[in-house]
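Down below is the structure, laid out as structure tokens.
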Amino acid sequence: MAPLQENLQWPRVSKFTLSACAASVAELVTYPLDLTKTRLQIQGEGGTQQNGGSMHTQSKYRGMLGTAVGIVREEGPFKLWQGVTPAIYRHIVYSGGRMLAYEQLRESVLGRSEDGSFPFWKAAIGSMVSGSLGQFIASPTDLVKVQMQMEGRLRLEGKPPSRVSGVYHAFTKIVTEGGIRGLWAGWVPNVQRAALVNLGDLMTYDTVKHFLLRNTSIQDNMLCHGLSSICSGLVAATMGTPADVVKTRVMNQPRDLNGRGLIYKSSIDCLVQSVRGEGLLSLYKGFLPTWFRMAPWSLTFWLTFEQMRRAMGLSSF
């Protein structure tokens, strides 16, 4: 099936808007899995750290299902969506930016080959650059999301009842304690994760989709989009989980008055401490919920995105 001819007056604005809308739908559907993943990644990190002379509270949850059930039982079912507002804000910036940047790199900067294909190495470069750029801009919203996700756990551990009470309070508190630079705390592992996730997601989806179109009888339809998105979700989860664990721990740690972390000096320090204290497999804590989330997230996003593009008169991705 030949792609539709783009007939909108502002195709770039439309692509950004549709990307943000599709990502928001996917985020709402799969957000409880993201919250579960974050709780799993944080638990156990106090195994080699002390707080005021005593060891951190031991992990209460074991496994994805146990964590989700524990959150519902002890905090309420709606807490599974705690932090979803900054998550939506993040994807408006992040997904809208990365998708638009990737298409611009593919069509204008890096360029396709003479046969219309997009070489593997160009797809890798384009996906990593676009993902890193989008995530750097959206990093403050990611920081707020992670801190809001952990509020329930802090209360259960007997710590101060709340560090943040909402999105606005979280932003102002971070700026007050660490200045504007504090909004980008943990941006290095954040961008590293985004580069790896997009390398797995965008590159895999684009490569698999056009491989199927060129080498099989499958048409540019929902079957093609579904198969491509399943592959991209698995590869993205495998490549991005270690960086995601480091990012989550760096962003969630307490900070001094200058905005410096009290547990980890950098993403490398977090990586070393995690492996030394908990073993190499600690870098894949939360892998299953990450995969279980990325699979439906990727499927929902790409199917929604492709159908929205077609309905609005934009060419297929």
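Residues: numbered from 1 along the sequence shown. FYI, side chains are in, hydrogens and waters are out, and symmetry mates aren't considered; it's all heavy atoms of this structure.
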Applying a strict under-4.5 Å side-chain criterion to I, L, V, M, F, W and Y, I'd like to know whether [X] and [Y] cluster together.
X    : Y    : value
L299 : L223 : no
I137 : Y94  : no
L28  : V72  : yes
V109 : I125 : yes

What is the minimum heavy-atom distance between [X] and [Y], and which atoms define it?
X    : Y    : result
Q253 : L262 : OE1-N, 3.6 Å
C270 : Y264 : CA-CD2, 3.5 Å
S267 : V188 : OG-CG1, 4.1 Å

Should [X] and [Y] count as an ion pair when the cut-off is N to O under 4.0 Å?
X    : Y    : result
K79  : E74  : no
D269 : R249 : no
E103 : R98  : no

Check for a donor-acceptor pair, side chain of [X] on one end and backbone N or O of [Y] on the other, with a separation under 3.5 Å.
X    : Y    : value
R309 : S315 : yes
S298 : A295 : no
D244 : G240 : no

Spacing of CG belonging to L199 relative to OG1 belonging to T204, to within rounding of 0.5 Å: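 Reported to 0.5 Å precision, the distance equals 7.0 Å.
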
Separation of Y205 OH from E306 CD (nearest 0.5 Å):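 Answer for the CD-OH pair, E306 versus Y205, is 3.5 Å.
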
